[in-house]
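The chains referred to below are lettered A, B, ... by the order of the sequence lines, with proteins before strands, and numbering in each begins at 1.
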Amino acid sequence: MTYFPEEVVEHIFDFVGSHRDRNTVSTVCKAWYQVERLSRRTVFVGNCYAIGPERVMARFPGIKSLSVKGKPHFADFNLVPYDWGGFALPWIVAAARLCPGLEELRLKRMVVTDDGLELLARSFPNFKSLVLISCEGFSTDGLATIATYCRGLRELDLQENEVEDHGCQWLSFFPDSCTSLVSLNFGCLKGEVNGGALERLVARCPNLRSLKLSPAVSVESLNKILARASHLVDLGTGSFAVDHRTDVYHMLMNSFPKFKSLRNLSGFWDASPCCLRAVYPVCTSLTVLNLSYAPAIQGDDLIKIICLCFKLQKLWVLDSIGDKGLAVVASTCKELQELRVFPCDIYGAGTTSVTEEGLLAVSSGCPKLNSLLYFCYQMTNAALITIAKNCPHFTRFRLCILDPGKPDPVTDQPLDEGFGAIVRSCKNLRRLSLSGRLTDQVFLYIGMYAERLEMLSIAFAGDSDKGMIYVLNGCKNLRKLEIRDCPFGDIALLKNVAKYETMRSLWMSSCDITLGGCKALAAKMPRLNVEIINENEETYEFEENLSDLHKLEKIYVYRTVAGPRNDAPDFVWTL
Amino acid sequence: MDGGVGYADMDALKATELRLGLPGSHPPEKPLPTTTTARPTKRSLDDDREARRETSEGGRATSTRATKAQVVGWPPIRSYRKNSFQAMKATAEAAGLYVKVSMDGAPYLRKIDLEVYKGYRELREGLEDMFKCFEGCKGSEYAITYEDKDGDLMLVGDVPWEMFTSSCKKLRIIRGAEAIRGLGSSQ
């Protein structure tokens, strides 16, 4: 193939879509490497510290789309200190200099500043799409600069970010000439919203298909917006509770029937049961429904809405749905692929919640189910074994039994056999989160059977180093391993050090890893960054004097070609 | 009569204790939780090992849910979601017309938001639904009463709905013949 002219090779590469395939293709020979790198349009960087931004941009000068991820996943649960790192600015700076044709930027768990957003807004004339997920460090001022300078912006998607509120006027910064928006999601903003500016913006964007509002957007505003945006496919409501005696309520009741193309519904911040009735007319065509931010909707009202949603593919709810409600899901939603059940009352007694019965029902009623996130108070081995038999297509299986280390309540046994059945049966399992009482046995099963597993999350599990060793020696596709509160120590850490270069990262917190163990790892594997995160102020000042036996609270190990990072805070020590 | 309960009395007490399970079986004493409280500084490994040993021996969950709530980062729910819920709870309790509801014979009270109901019929249905698990009230008569701003116990249903919601401080469901007789005589 090297005898073909470059244009032909490039054209053939156009059909090579996935990042992995393109990466592989680029290693065949120098000619292919060159063609591939110049024709690459999309780059995904799973760990922002694995490689320097300049190196990425220099290799791929023609990229139109860049995705970068920063903090480790456990940062979502407050396990990573606030200023650990993950700064977006170096990436924006490098792209501004080397890839001015950039059109899309997607950042997850990174620190983005208003300065960064302004640089972004001013540097890329063709910029079309900004997606920020679980980021922080910016304010509505930064959003205002995006609105001002990104002519032709198609997508602004802000998911679950911490955004500082500096006033509601950022929406007014979209010029009157801005008519190109296709997707606007600001559901995570906490401050006031200028209703008039929002309504005018929606009215002048005929291509708007996805709109997700923040809780501050009133029902009155929603009514006005819905009147002008009947082509919406994806809607996230604002506030969804008004007194049923008002005109606004009656208007709301009449706002939905005309939506012929509406497929996704979310938002429902603090929705009340009587307002929820407004969406009944569109339920029969819904494919995605997210009611997980509506704690006031109890089981019976959830059932009333779900039994209309027979085309549903993705459902996110609170556990107030109960096993009874999940039985209704099982009998109604035959197309269901993804289910997430979140706990309503995190610290309470859980009077209405779900058990293994609910999941059993869904597994037997919904044959297409492949993605699960399920918070419950108990699970049994028997149920898991049946679920594994009913649903061999799971690609993501995340089970969180809220009591750490809780065994099977019927047999008092650990849940090894149940999870073992899941990994044996689900040959395409890519992501797994474990919970409940688990011994080393479950890890033996995972190492043996979970061949496609890429991400594994473990908490309060295992008996000895053997557990972790089983996983590291098996699971040949493992990319991310995150462990907390398990009795795994240096022996496990050092047993298979070469493995870490085949993985993106390893996180271990509250385990039995010592400083000596980490030093040994760093010495053996120079292409890994072995980061020690030490928040105990008493010890980090004396790090030179710490004995090798000193137990480490948190470590983060990742492969990198960029060497130790130069932006690490005081409490992060890279060996 | 002496104040203390001696050991002999304890055995006697235990013998009469009502418990689910086969006669002669005794559930193990649950050891008190030692750790799993949020620690701002590094915690001792020994505490940690002990907690794990306790959970591994026979799989008895040693920590109560209240203690678990203090484990950092558990349950694994995004702080974004946790914060949203806390904010919602705050506004919901600030808005809304929450009143306590007690029912004779029920072990605990409930709270309802009067703003959610359109009228007396819906309120009655909502209350029936809420308390139907305490079956003892199925078939037996009951009356719904409320305590108004002046502290008087009033029968629900006499005044217009809006007047009721603005003056109701708490609800009480009275069961039993006597209450009903009182009702009958007033009608």
Side-chain angles (χ1 to χ4, degrees), chain A residues 74 76-79 134 160-162 188 190 215 241 243-245 269-270 272-274 292-293 295-296 300 342-344 346-350 375 398 400 402-408 412-414 433 435 437 439 457 459-460 463 484-487 509-510 512 534-539 551 553, chain B residues 35-36 38-46 48-49 51-56 58-89 91-92 95-96 108 110 113 115-119 122 126 129-130 133 161-162:
Chain A
F74 274 179
D76 285 352
F77 317 130
N78 295 339
L79 288 175
S134 299
E160 301 193 355
N161 302 291
E162 287 293 325
C188 60
K190 294 183 275 243
D243 191 318
H244 58 265
R245 295 168 286 195
W269 318 105
D270 71 45
S272 69
C274 45
S292 65
Y293 287 97
D300 289 336
F342 296 94
C344 201
I346 298 164
Y347 305 121
F375 286 84
R398 293 191 282 163
C400 179
L402 287 154
D403 253 348
K406 182 170 176 165
D408 181 328
D412 220 30
Q413 293 298 303
S433 295
S435 58
R437 169 84 193 99
T439 71
S457 309
F460 303 100
D463 300 318
R484 65 162 295 177
D485 292 276
C486 296
S509 56
S510 306
D512 291 344
N534 184 0
E535 298 161 277
N536 183 348
E537 287 183 17
E538 292 160 20
T539 50
K551 298 279 186 181
E553 189 57 36
Chain B
T35 62
T36 64
R39 347 160 277 292
T41 54
K42 192 173 92 64
R43 76 171 161 201
S44 107
L45 236 328
D46 297 317
D48 193 34
R49 282 228 183 79
R52 277 201 285 275
R53 228 180 294 121
E54 282 171 355
T55 46
S56 66
R60 322 224 186 279
T62 56
S63 309
T64 62
R65 280 209 193 101
T67 324
K68 279 200 186 49
Q70 298 160 45
V71 176
V72 176
W74 192 268
I77 295 172
R78 284 198 178 165
S79 30
Y80 173 81
R81 180 174 283 278
K82 272 191 193 156
N83 295 342
S84 301
F85 270 51
Q86 272 158 13
M88 262 189 248
K89 262 195 190 148
T91 43
Y108 48 80
R110 299 298 299 269
D113 178 4
E115 280 184 357
V116 157
Y117 301 100
K118 290 193 211 171
E122 274 201 7
D129 218 49
M130 197 178 258
C133 49
W161 175 254
E162 277 75 23

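For chain B, the nearby part of A:D300 is the side chain; its heavy atoms alone come within less than 4.5 Å. Only the side chain of A:A459 comes within less than 4.5 Å of a heavy atom of chain B; its backbone N, CA, C and O stay farther away.
Under the rule for a side chain to side chain donor-acceptor pair (under 3.5 Å), the partners of A:E162 that lie at least two apart in sequence or sit in another chain are A:K190. With sequence neighbours excluded, the residues satisfying salt bridge (Lys or Arg N to Asp or Glu O under 4.0 Å) with B:R78 are A:D76, A:E160.
Counting heavy atoms from C-beta outward, A:S134 and B:Y80 have side chains that stay 4.5 Å or more apart. Side chains of B:W74 and A:C400 form a contact here, defined as non-hydrogen atoms less than 4.5 Å apart. A:P295 places a side-chain heavy atom less than 4.5 Å from the side chain of B:F85. A heavy-atom distance below 4.5 Å is found between the side chains of A:F375 and B:P76.
Closest of all the heavy-atom pairs between B:V72 and A:N78 is CG1-O, 4.2 Å. Residues A:F460 and B:V71 come closest through the heavy atom pair CZ-CG1, 3.9 Å.
Looking only at distances, no side-chain donor or acceptor of A:W269 sits under 3.5 Å from a matching main-chain atom of B:S84. No donor-acceptor pair closer than 3.5 Å links the side chain of B:R81 to the backbone N or O of A:F342.
Counting heavy-atom pairs under 4.5 Å between each of A:P414, A:C188, A:S272 and chain B puts A:C188 at the top.
For the atom pair SG (A:C274) and CD (B:E115), the distance works out to 10.5 Å, reported to the nearest 0.5 Å.
Between B:E162 and A:R245, at least one side-chain N (NZ, or NE/NH1/NH2) sits under 4.0 Å from a carboxylate O, which counts as a salt bridge.
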